[in-house]
Each structure stands twice: as C-alpha cells, then as structure tokens.
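The structure appears right after this line, and notes come after that.
Read the numbers this way: they start at 1 and go in the same order the structure lists the ligands and their atoms. Along the sequence shown, residues are numbered consecutively beginning with 1. Just so it is clear, the values below take in all heavy atoms, side chains as well, and ignore hydrogens, waters and symmetry mates.
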Amino acid sequence: MNVPTQKPVLSDDVLSRFEVATEDGSGLPNECYTSDQWLAEENRKVFARTWMLAGFCHDVPEKGDASPVWMAGMPLVILRDNAGEIRVFHNVCRHRGAVIVPEKCSGQRMLTCPYHAWAYGLDGKLRSRPHFYGGGKHDTDPAPGTSDMLPVRHAVWHDLIFVDLSGEAPDFDDHWAPFAQRTKDYDFGALRYAATLDFDVKGNWKLIYENFYDAYHVPAVHPRLEAFTPITERIGVQTEGPWFHNTSLITEPQEGRGIGMPFYPGLDETGQKTEWYFHLFPTTCIQIWPDQMAIFQLHALAPDRTVEHIHMYFVGDAASEPDYAKQRQDVYDMWDELNTEDFKIVENMQMARNSPGFDGGVLSPFWDPATQHFARLMADMMR
Ligand code: FES
Ligand SMILES: [Fe+2]
C-alpha cells in the first residue's frame, strides 16, 4: 500500500521535549487526544504502518470460516482457506466497493458480494460475475488477476493474527524478537482460549495504552493490587523499540488470579513465581502469569472513544473444565474490577485534555521514561 508522507504534525518545540532528559521533557500534547484529524492521521501513519493485532485463529476454526475486522479504519476479512491456512484480505469488492463479508460466517466455499453477487474464492481470486454482460450473460471465467481481492500481509503467532497494512513494516520475527527472547521458557502451544471481556471507554486509545504500562498509579487507583505488590517493590517499565516490558515476583498466591490452575508445562520454579507485562506499540498488551495469558486489544473508534477487548487464555485442556469455573470467573471479575478502576481515571484524563492547564505534562524521571518513549515512537511514525 502506498502511504504518502506529510510534514510533522507536532511542532519542533514539542518534538524537542521527547529528546531531553525525562524530567525536562513531556508526553504528547492535548490535541493528540482530542482531535479527529489526529485520529485520521494515526489510522494512516501509525495503525496502517506497523504490525497490528487484527484477530484470532479461533474466530475462524474451520475451512470456509470468515470473520470481518476493522483495522486503521479499513474493513478487512480474516478467513481460513481450503488448505486450512489463515488468509487476510481487504474486505471490499472490486466492482463498486461494497464490504464483501459484513458479518462472521462459516462453511463458505466462495465469498459472494451482497451487492451484485460477484463471487470470490477463498484465495481471493474473482471467480464469477453474474449478468456482467447483461441479463443471463454471465462472466464465469474472469481474466486472472484483474479484479481479485487484495491480500494483506499478515503473521500468525499461535492464536494471534497480526497484519501490516503497509506491507513495509519490518520482518515480523524481528519485530517479535524482544518478546520471544524473554519468554523462551513458556510453552504457549499449551494455551487454550477461554473468553473475551469487552469494554467501551470514553477516552482516547493512547490514554489507555499509556496507563497499561504506568506502574506509578497502582497505590492510588488499585488498592487490592497494591496490597499484593507495594510500590516500593515496583519499577518503571523498560522499553526496547516497540516493546514495553516489566516483570515482578509473585510472592504469594493472589486471590482473583486463578489460584490452583495448571501452570505452563515445564515452567521452572522462578517461572512459577513470575508475572510478565508486555506492551506492544501501539495497541496490544500481553500479560503472562504462570497459569494464564491475557491479550489486551484496543480499537480507536473516535478521539474520545475506545473499545478494549481482553482475550483470556488458560493452560491445558483441563483448565477449561467445570472444576476450574470458579477460578476462571475470579480472573474475569478481577479484570473487570481493575479495568473499572482504570477507566475512571482514563475518562477523567480525557476531560482534562481540553484544559490549557496541561499540554504534555511534567514527567517523573523514575516512572515516566516510558511515557516519553511512547511520545517519541508516536512522533517518529507521525512524521
Ligand atoms: S459491489 Fe460487489 S458485486 Fe457490485
Ligand atoms: Fe491500572
């Protein structure tokens, strides 16, 4: 995809604040959180130019299953083809531009456009154009390659499907390497998808993402979490390119975290007491516990509205059994409680982004280098 470049949206003065010591710098200014133009530019320059979590293999478990998703403001369709492989296409008909697959569907041999019934194979190739030359005069063998669905570059990691709409992002394995290197001991193949929790938040997606990795707010916002791991034992998140990561020790079983559920097979003693937080710029978060994984996914719908999904996985087939129903529910309730606490702050800050009393803020040298790093990543992509 050809993405035109434009001049920086941020002024030189603002950009300079991302390049100095954190205590002398700042985060992103107000307009980045409130302006429709910013979100339009983010769709084009950020979400369409890096690897984005688009969907899940479990959404299309069988050949002929198709699932529409929206990424960077564009309709895409994820499907499983006749060979059982995942494919991703721009979900738009080459005739007059209707969305071809408006709803999730299964058992399809062809994808038929709802407008004039052009039919595409599961490989995206145009197969037929009914009445194309007049009533009853069908085109059943369209010239190859003229009007096929456009494929989207994608990568599959276990259940997760990532897309790069530009086709020009770095190699996925290189992009993923900082995560892969730190999680070699985890047998992610043992994970089983369990449930998705959905939240609709009156706040900008960046406020939610920035809050993901902010360990500083825990004592004031999450009293239950603070009781388990006090702020004196927390550190600021570390960064490596598009990755933000943090880890802490689980000193004792924590109520609401699934006590007694099966661990990843072969996890050593240290691993059994370790929690990992990974945040992949711009909209994904991966939390790993010895017995689970939570995938956070953000969809920016408006400058002041974001939908968040938390996709929950537990370890091994047994974790899906009724025996563990209470533990699973405890985990969902815990996320619900934590998110409700977080979103209250996010919505609070969204309102404050209209104030001249804030325009990027003053940062803590201990806790906020990641916020400055995030601003730098955004500025780099928005150039
Ligand atoms: S728009 Fe799809 S067949 Fe006409
Ligand atoms: Fe929080």
Give me the number of protein N, O or S atoms whose distance to atom 2 (Fe) of ligand 1 is under 2.8 Å.
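For atom 2 (Fe) of ligand 1, protein nitrogen, oxygen or sulfur atoms under 2.8 Å: 2.
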I'd like to know whether the aromatic ring centres of F296 and W335 sit less than 6.0 Å apart in this structure.
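Ring-ring flag for F296/W335: true, centres closer than 6.0 Å.
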Take atom [atom1] in [X]; do more than 12 heavy atoms of anything else shown fall under 6.0 Å from it?
| X | atom1 | result |
| --- | --- | --- |
| Y115 | OH | no |
| F199 | CZ | yes |
| R257 | CZ | yes |

Which atoms of the protein, restricted to N, O or S, are nearer than 2.8 Å to the Fe ion (ligand 2)?
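Short answer, with waters excluded from the count: H217 NE2, H222 NE2, D342 OD1, D342 OD2.
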Transitively linked via ILVMFWY side-chain contacts under 4.5 Å: [X] with [Y]?
| X | Y | answer |
| --- | --- | --- |
| I86 | V77 | no |
| L301 | F47 | no |
| I208 | W243 | no |
| L122 | V101 | yes |

Passing option when D330 is tested against R328, K326, Q327 for side-chain hydrogen bond (donor to acceptor under 3.5 Å, both in side chains)
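Only one of R328, K326, Q327 forms a side-chain hydrogen bond (donor to acceptor under 3.5 Å, both in side chains) with D330, namely K326.
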